[in-house]
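Please read the structure below before turning to the comments.
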Amino acid sequence: MKLKKEYDIFIAYHGSYEQGSSAEFADKIYEYLTKHGKKCFFFPRAAKDTYKANIIEVMKSRLFLLVCTPTIHTDENKHIDSRIHYELSTEIDAFYALTQLGDAKLKDAKILACGNWHKGDEAFLHELFSKRTHFYDNGNIQNTLEIVDNWITESLHDTRSWNETQITTEIKEVFATRASMNQSCHFDDLVATAKHIRAVGISNSELTARINPSAIRNCIARGGKIEILFLDPNGKYTPLREQEEGLRTNRIKNITNVNIETALDIQDSLQENRENISLYLYDKPPRMNMIFVDDYLILQYYSNNIQGINNPSFFIEKQAVSPVYEFCEKSYEYLKSESTLLEA
């Protein structure tokens, strides 16, 4: 059976209609999106019979949004407890099955995490959400509604080329310095729950000297993989960067060597999956500090005479149309292809 896609988005929720519940948030999402021309399926507005698993409507939808609060029932693995949320689980399973079948008309699935979530926990609710980035209600409901609406618009028009894309919404926040970014985005938490981390910089202090080592160990214990590309401390471009920053000879070289040793120590301390940390050396002009954490990117440009930690920092989230993210990803892959694997 092949159904026509009649809905832009299927809005799912859990819980009651009490104040601050997922149903209340979902209702606001439905009202806003409908007013802005989106075709939505949301049970309390689109159906008239007793609530059940709306599998047919799921199959007729291009996008899937789960609105939930921390009160959602989960099992010991943080997955949705299907015994309590049977209908909801069935709807999510249906959309997930369609993604596995390669339905070309499906676009994306996300969670709107409302309330006091520990960032990253929502991704464990179901396999459908495990490798996707999600929305977090920040207390500004109008801003949240606009972000969700932008996501839908971009997802439904993701056939546009880069040349046709005049505006990108992937840059979520800009910080004056890297330190202020780390404090705001809870970098250790992002790393601890990540599936894949890729980093390129000069000394990579964020993932060595400044991070809590348990965050990296927790990432690896969950099956995550980490790649770190260091500027070769004995190469051509390290002393040139020291001159550019006006530093003493061997200053960056010594810091990078210490950070490499720190990374090797963390690698040696792992009981299992030691091979999931890969360290590389590259010898190219350092132009960007990039840390990819799943579909997030922390980006800084290296200024001519200012240390990286003092440069503005951009927090980017990959979208259906993400020219900045994809540009940076290609730059990373080029540097990796020119790097040498550092053997322990």
| field | Atom NZ of K225 with >12 non-hydrogen neighbours under 6.0 angstrom | value | no
| field | Salt bridge E242-K253, side-chain N to carboxylate O under 4.0 Å | value | no
| said: Atom CD of residue position E272 - does it have more than 12 heavy atoms of other residues, nucleotides or ligands inside 6.0 Å? | reply: no
| Does R217 CZ have over 12 foreign heavy atoms under 6.0 Å away? | yes
| said: Assess whether a salt bridge exists between E227 and K336, defined as any Lys/Arg side-chain N lying under 4.0 Å from an Asp/Glu carboxylate O. | reply: yes
| field | N-O pairing of K28 and E31 below 4.0 Å | value | no
| task | Might you confirm whether atom CZ of R287 has over 12 heavy atoms from other residues, nucleotides or ligands at distances under 6.0 Å? | result | no
| said: My understanding is that only one of Y30, F64, F95, F42 makes a ring pair (Phe, Tyr, Trp, His ring centres under 6.0 Å) with F10; could you say which? | reply: F64
| Looking at F41, does the NZ or CZ of K60 lie under 6.0 angstrom from its six-membered ring centre and within 45 degrees of the ring axis? | no
| said: Any donor-acceptor pair under 3.5 Å linking the side-chain atoms of T193 with those of D121? | reply: no
| query | Would you call E329 and R198 a salt bridge, using N to O less than 4.0 angstrom? | reply | yes
| field | Linked, directly or transitively: I211 and I255 (ILVMFWY side chains, under 4.5 Å) | value | no
| K110 charged N/C atom sitting above F135 aromatic ring, 6.0 Å / 45° | yes
| Residues which pass ring-ring contact (aromatic ring centres under 6.0 Å, His included) with F25, listed by chain and number, not counting sequence neighbours | none
| said: More than 12 heavy atoms of other residues, nucleotides or ligands under 6.0 Å from CG of N140: yes or no? | reply: yes
| request: Would you list the pairs meeting ring-ring contact (aromatic ring centres under 6.0 Å, His included) in which at least one residue belongs to residues 191-237, sequence neighbours left out? | output: none
| message | Please tell me whether V191 and F124 are part of a single hydrophobic cluster in this structure, the criterion being side-chain heavy atoms less than 4.5 Å apart. | response | no
| query | Does the distance from a Lys or Arg side-chain N to an Asp or Glu carboxylate O, for D283 and K236, drop under 4.0 Å? | reply | no
| said: Tell me whether L264 shares a hydrophobic cluster with I277, the cluster being built from Ile, Leu, Val, Met, Phe, Trp, Tyr side chains joined at under 4.5 Å. | reply: yes
| message | Closer than 3.5 angstrom, by distance alone: can the side chain of N77 be matched with the main-chain N or O of H79 as a donor-acceptor pair? | response | no
| remark: Here the pair of heavy atoms bringing I152 nearest to I9 is CD1-CD1, 3.6 Å
| Hey, quick one: are L281 and L207 part of the same hydrophobic cluster, counting side-chain heavy atoms closer than 4.5 Å, chains of contacts allowed? | yes
| Ion pair present between R132 and D294, side-chain N to carboxylate O less than 4.0 angstrom? | no
